[in-house]
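The block underneath contains the structure these notes are about, expressed in structure tokens.
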Amino acid sequence: MARRKRRSRGGSSASLIIATVCLAVLSLGIVGAFGWLRYKASGNVVIDQASLCPVDGPKAETAILLDVTDPISDTTALDLRNQFQKIVADVPVGGAIDIYALTEKEGELIQTFHGCNPGSGANVNEWTSNPRLAQARWEKGFEKPLQDIAGKLSVGEAGKLSPIMAGIQKINLEVFANAAGAIPKHLYIASDMIEHTEAFSNYRDGASYQKFQQSPARNKFRTSLDGVMIKILAFQRPNMKFSMEDLANFWAQWIKSNNGDFDGFVRLEGIR
């Protein structure tokens, strides 16, 4: 009888140890899961201090091509500034925005801004983050630089050439080709949309897509715009030999033939 009693104690001790270990593992699992959910809920991600982008990559990509190779009217600049502010407001937290200025040299763009929306003080969890510091970071690194660019949208100098297709090609290769395939990709083009290069010119050849297809520009500027939504914000120029509707159809065909998604052609107010 004594031997059976000792075995009973040993069995109880073993069961107690196993139960204690299981409880500890379960507790750690609960704590870990809670910590992970709190981390996800707070929106805290590790970001690059220079660009304010998540280190694992932007959650969306927005690019803007500004063509001010020719001046625009004050009215057009005001309309463009309003459109620009809407675009910036739609950039999600963790989403990148890249802004380029077109030059008269094919494929040579001036990058005026690159960064991500880090979220303002209103976007952070006050229990796990510092809303004041988040707001200051958002204002200094994201909001103010973009406001400065918006304030200079009417500045332009007349250029000899306007290689818009080459600019789109460069942005596609530099920005969208390196972005994760599943994220939203948007390209906005603010321009009079009059392509003017030696390979093809709307001034010389009009808005005929058939003539474009027969030109060297067809192969020279082709680019794969898969998954990219493209919207045009068009400046109006006086005394054009073709209508804005014809120009819109020309670019819609060019975008679709390069596998892009045409998201509209908006005629900005004013003319110059």
Side-chain angles (χ1 to χ4, degrees), residues 58 60-69 72 76 79-80 82-92 95-102 106-107 109 162-197 199-203 205-215 217-237 240-269:
E61 182 63 64
T62 298
I64 301 174
L65 176 59
L66 295 173
D67 175 13
V68 286
T69 50
I72 59 177
T76 303
D79 194 359
L80 177 58
N82 292 339
Q83 295 284 345
F84 182 84
Q85 290 170 347
K86 292 177 184 177
I87 294 169
V88 172
D90 286 339
V91 175
I97 184 166
D98 290 272
I99 303 174
Y100 292 85
L102 190 72
E106 291 180 9
L109 305 177
S162 185
I164 302 168
M165 293 177 185
I168 297 171
Q169 183 185 57
K170 180 65 176 291
I171 290 176
N172 188 44
L173 293 173
E174 196 167 276
V175 178
F176 297 123
N178 295 320
I183 68 171
K185 303 178 183 73
H186 296 271
L187 172 61
Y188 296 88
I189 308 165
S191 168
D192 60 17
M193 300 309 296
I194 301 176
E195 175 78 6
H196 181 45
T197 66
F200 177 82
S201 173
N202 289 127
Y203 288 119
D205 304 311
S208 169
Y209 195 74
Q210 183 178 1
K211 288 184 178 180
F212 166 76
Q213 288 181 306
Q214 297 169 350
S215 74
R218 177 185 179 182
N219 290 323
K220 186 175 184 179
F221 302 128
R222 66 181 179 82
T223 188
S224 182
L225 296 167
D226 299 77
V228 182
M229 298 286 295
I230 302 173
K231 188 171 187 176
I232 294 171
L233 307 174
F235 313 150
Q236 299 181 86
R237 300 295 186 192
M240 291 199 306
K241 296 180 180 180
F242 43 83
S243 69
M244 293 291 283
E245 287 77 13
D246 289 339
L247 191 61
N249 289 331
F250 173 88
W251 282 102
Q253 290 182 74
W254 186 83
I255 290 167
K256 291 174 183 177
S257 69
N258 285 279
N259 299 323
D261 296 315
F262 182 63
D263 195 30
F265 187 100
V266 178
R267 294 173 60 179
L268 298 183
E269 296 183 21

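If you're wondering where the values come from, they're calculated on a predicted model, not measured in any experiment. Values reported hereafter were calculated over all heavy atoms of this structure, with side chains retained and with hydrogens, waters and symmetry mates removed.
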Would you indicate whether the side-chain heavy atoms of Met240 and Ile194 approach each other to under 4.5 Å?
-> yes

Are the side chain of Lys241 and the backbone of Ala207 linked by a donor-acceptor contact shorter than 3.5 Å?
-> no

Geometric class of the Tyr188/His186 ring pair [parallel <30°, tilted 30-60°, perpendicular >60°] = parallel

Parallel, tilted or perpendicular: which describes the rings of Phe250 and Phe212, with under 30° parallel and over 60° perpendicular?
-> perpendicular

Is Trp254 close to Ile230 at the side-chain level, that is, under 4.5 Å between some pair of heavy atoms?
-> no

Is any side-chain heavy atom of Phe235 less than 4.5 Å from a side-chain heavy atom of Leu80?
-> yes

Hey, could you give me the CD1/CD1 distance between Ile97 and Ile64, rounded to the nearest 0.5 Å?
-> 4.0 Å

Mind checking ring-ring contact (aromatic ring centres under 6.0 Å, His included) for Tyr100 and listing every partner two or more places apart, or none if nothing turns up?
-> none

Of the non-hydrogen atoms in Leu65 and Gly167, which two are nearest, and what is the gap between them?
-> CD2-C, 4.2 Å

Do Ile183 and Glu61 touch side chain to side chain, with heavy atoms closer than 4.5 Å?
-> yes

If you take all heavy atoms of Asn202 and Phe200, which pair is closest and at what distance?
-> ND2-CE2, 3.4 Å

Can you see which heavy atom on Gln213 is nearest to which on Arg218, and at what distance?
-> O-CD, 3.3 Å

Begin from the C-alpha positions of Ile232 and Leu247 and carry the test side chain to side chain contact (heavy atoms under 4.5 Å, CB included) through to its verdict.
-> CA-CA 11 Å; Ile232 294 171; Leu247 191 61; over 6 Å; no

Taking atom CD of Glu269 as the centre, report whether more than 12 heavy atoms of other residues, nucleotides or ligands fall under 6.0 Å from it.
-> no

Would you say Ile72 and Arg237 make side-chain contact, with heavy atoms under 4.5 Å?
-> yes

In Å and rounded to the nearest 0.5 Å, what is the CZ to OG1 distance from Phe176 to Thr62?
-> 7.5 Å

Look only at the side chain of Asn172 and the backbone of Ser224, and say whether a donor-acceptor pair between them is shorter than 3.5 Å.
-> yes

Under the side-chain hydrogen bond (donor to acceptor under 3.5 Å, both in side chains) test, residues paired with Asp79 that sit two or more places apart | none

Heavy-atom closest pair (Lys170 atom, Gly107 atom, distance to 0.1 Å) is NZ-O, 3.1 Å

Could you check if a side-chain atom of Ile164 sits within less than 4.5 angstrom of a side-chain atom of Leu102, using non-hydrogen atoms only?
-> yes

Using the test side-chain hydrogen bond (donor to acceptor under 3.5 Å, both in side chains), find all partners of Asn259 that sit at least two apart in sequence or belong to another chain.
-> none

Taking atom CZ of Phe84 and atom CD1 of Ile99, what is their separation to the nearest 0.5 Å?
-> 3.5 Å

Rounding to 0.5 Å, atoms CD (Glu245) and OG (Ser243) come to a distance of 4.5 Å

Smallest heavy-atom separation, Ala199 atom then Ser215 atom, equals O-CB, 3.5 Å

Does some side-chain heavy atom of Asn258 sit less than 4.5 Å from a side-chain heavy atom of Arg222?
-> yes

Least distance between heavy atoms, Met193 atom then Ala234 atom = CG-CB, 4.5 Å

Non-hydrogen side-chain atoms of Phe221 and Glu195 separated by less than 4.5 Å | yes

Atom pair CD1/CD1 of Ile168 and Ile255 - distance to nearest 0.5 Å | 6.5 Å

At what distance, to the nearest 0.5 angstrom, does NZ of Lys220 lie from CE of Met165?
-> 12.0 Å

